[in-house]
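Comments concern the structure below.
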Amino acid sequence: MFAFNMFDQAIPHAFRNRFSTQYRCYSVSMFAGSDRSDVEKGGKIIMPPSALDQLSRLNITYPMLFKLTNRKTDRMTHCGVLEFVAEEGICYLPHWMMQNLLLEEGGLVQVESVNLMVATYSKFQPQAPDFLDITNPKAVLENALRNFACLTTGDVIAINYNEKIYELRVMETKPDKAVSIIECDMNVDFDAPLGYKEPERHYQPEDTSDIETDHTAFVPIDLGFRAFTGAGNRLDGKKKGVDPSPAQINPEDIKRGIPNYEFKIGKITFIRNSRPQPKRIEEDSGTSRFIAFSGEGQSLRKKGRKP
């Protein structure tokens, strides 16, 4: 008798090292035991111990990444694995992942091991405008993606920040539609949030505080009579080519002072800044005054007395 192993020759080597099975999936809230809210904050699932035993026998590359498929709706996504502590035949998924796959509690999901390229670029679209209230959204997203193993274009992921859930749609990933984000240098970009409207711009008048003040506004337009502004005539009848014009007012010479509240029309008041000189105190009458040429002369020759 001869035995032929025809199946080993028909199955390629790549398929023999692939993990593929079906599980009943439930949300993490159905997991018995301690609270596993940390699973909801990331993109990893909990699988049974038999999956770890089977994966250890296969030549699986690390980190372990899986493709989840809902064959009824033809929806798929990618994820990593957090622990192998689930009951046999059951796996636990984050709630946002079940929504992407359109799965209900206890639904069947196909789990297959895959190899993904390392991400270099990703673009996200927040699903609500309140995401703009975050001071540094890139830093918040970078911290949240540490709990994820991979990204798939079209998925709506959920991140938790300040006890609030923010949903973001993965609009684009490079170099492939499904990429691994473990130990990678990835550029992140954001699209306008869903339902976001640009604020209307109201044009405000320009601030004229920095503009130099027009001093000519303080001078009345109609100054009325001006002295010495008429044109003169010569006796010989000749005229000069340039007509006399009033002297221009220099704005720097204009000084605004205290207004005269007692001003009356038709009355001119001249105010001088000079102060009256104090009267000199007359000298006493007994004091001699200077009189020109009133001194006595001196002679070098002494006149002798006559005998």
Side-chain angles (χ1 to χ4, degrees), residues 25-31 36-47 63-70 73-83 91-105 107 109-112 114 116-196:
C25 63
Y26 294 92
S27 60
V28 181
S29 59
M30 303 291 292
F31 183 72
R36 300 307 304 268
S37 59
D38 57 331
V39 183
E40 291 287 355
K41 300 178 181 179
K44 299 178 181 180
I45 64 175
I46 298 177
M47 300 176 65
M64 295 182 184
L65 302 177
F66 301 93
K67 176 183 177 181
L68 306 182
T69 307
N70 183 3
T73 58
D74 198 19
R75 299 289 295 269
M76 67 92 178
T77 187
H78 296 79
C79 67
V81 58
L82 185 63
E83 293 179 357
C91 66
Y92 294 95
L93 279 65
H95 181 68
W96 65 266
M97 193 176 295
M98 295 187 65
Q99 288 183 331
N100 289 332
L101 296 173
L102 301 179
L103 285 171
E104 297 180 355
E105 300 289 344
V109 60
Q110 185 73 25
V111 182
E112 302 176 13
V114 292
L116 300 178
M117 301 178 67
V118 178
T120 58
Y121 172 81
S122 61
K123 187 175 183 180
F124 299 88
Q125 181 189 32
Q127 298 300 290
D130 56 355
F131 185 76
L132 299 177
D133 298 337
I134 301 177
T135 305
N136 192 349
K138 283 191 175 182
V140 172
L141 181 62
E142 179 183 355
N143 187 40
L145 289 180
R146 295 177 182 176
N147 298 322
F148 289 74
C150 48
L151 294 174
T152 306
T153 302
D155 279 359
V156 179
I157 65 174
I159 62 175
N160 189 352
Y161 178 70
N162 282 347
E163 299 181 356
K164 188 174 182 180
I165 303 298
Y166 296 94
E167 293 184 344
L168 295 91
R169 181 177 296 277
V170 183
M171 303 297 294
E172 184 181 0
T173 56
K174 292 180 181 181
D176 203 354
K177 291 185 177 181
V179 292
S180 172
I181 61 173
I182 299 177
E183 296 182 358
C184 69
D185 187 8
M186 180 178 63
N187 295 325
V188 177
D189 195 7
F190 290 98
D191 202 352
L194 193 65
Y196 173 74

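What you see below is based on every heavy atom in this structure, not just the backbone, and it leaves out hydrogens, waters and symmetry mates.
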Item checked: Neighbour count above 12 (heavy atom, 6.0 Å) for N136 CG ->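 More than 12 heavy atoms, drawn from other residues, nucleotides or ligands, come within 6.0 Å of this atom.
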Donor-acceptor pairs under 3.5 angstrom involving side-chain atoms of residues 148-166: please list them, not counting sequence neighbours.
from	atom 1	to	atom 2	distance (Å)
T152	OG1	H78	N	3.3
T152	OG1	H78	ND1	3.0
T153	OG1	T173	OG1	2.8
T153	OG1	K177	O	3.1
D155	OD2	T77	OG1	2.4
N160	OD1	K164	N	3.3
K164	NZ	D130	OD2	2.9

I need the [X] [atom1] to [Y] [atom2] distance, nearest 0.5 Å.
{"X": "K67", "Y": "Q110", "atom1": "NZ", "atom2": "CD", "value": "9.5 Å"}
{"X": "L116", "Y": "D176", "atom1": "CG", "atom2": "CG", "value": "7.5 Å"}
{"X": "S180", "Y": "L65", "atom1": "OG", "atom2": "CG", "value": "5.0 Å"}
{"X": "S29", "Y": "H95", "atom1": "OG", "atom2": "NE2", "value": "8.5 Å"}
{"X": "R146", "Y": "I181", "atom1": "CZ", "atom2": "CD1", "value": "11.5 Å"}
{"X": "L103", "Y": "C25", "atom1": "CG", "atom2": "SG", "value": "4.0 Å"}

Identify the two heavy atoms, one from [X] and one from [Y], that lie closest to each other, and give their separation to 0.1 Å.
{"X": "I45", "Y": "M97", "value": "CG2-SD, 4.0 Å"}
{"X": "Y92", "Y": "S27", "value": "CD2-O, 3.4 Å"}
{"X": "F124", "Y": "M171", "value": "C-CG, 4.2 Å"}
{"X": "A119", "Y": "M186", "value": "CB-SD, 3.7 Å"}
{"X": "M117", "Y": "P175", "value": "CE-CG, 3.5 Å"}
{"X": "P94", "Y": "V39", "value": "CG-O, 3.5 Å"}

Next item on the list: Test side chain to side chain contact (heavy atoms under 4.5 Å, CB included) on L101 and T73 and set out the steps.
Entry: CA-CA 8 Å; L101 296 173; T73 58; 5.9 Å; no
Checklist line | Heavy-atom side-chain contact between N70 and M76 under 4.5 Å | finding: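 No - every pair of side-chain heavy atoms lies 4.5 Å or more apart.
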Check: Do C91 and I46 have side-chain heavy atoms sitting under 4.5 Å apart?
Finding: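 In short, these two side chains do not touch, never coming nearer than 4.5 Å.
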Flag, side chain of [X] to backbone of [Y], donor-acceptor distance under 3.5 Å:
{"X": "N187", "Y": "Y121", "value": "no"}
{"X": "W96", "Y": "G42", "value": "yes"}
{"X": "E172", "Y": "V170", "value": "no"}

Next item on the list: Evaluate the criterion side chain to side chain contact (heavy atoms under 4.5 Å, CB included) for residue pair M98 and Y26; output intermediate values, then yes/no.
Entry: CA-CA 8 Å; M98 295 187 65; Y26 294 92; 5.8 Å; no
Next item on the list: Evaluate side chain to side chain contact (heavy atoms under 4.5 Å, CB included) for L93 paired with V28, printing each intermediate quantity in order.
Entry: CA-CA 6 Å; L93 279 65; V28 181; over 6 Å; no
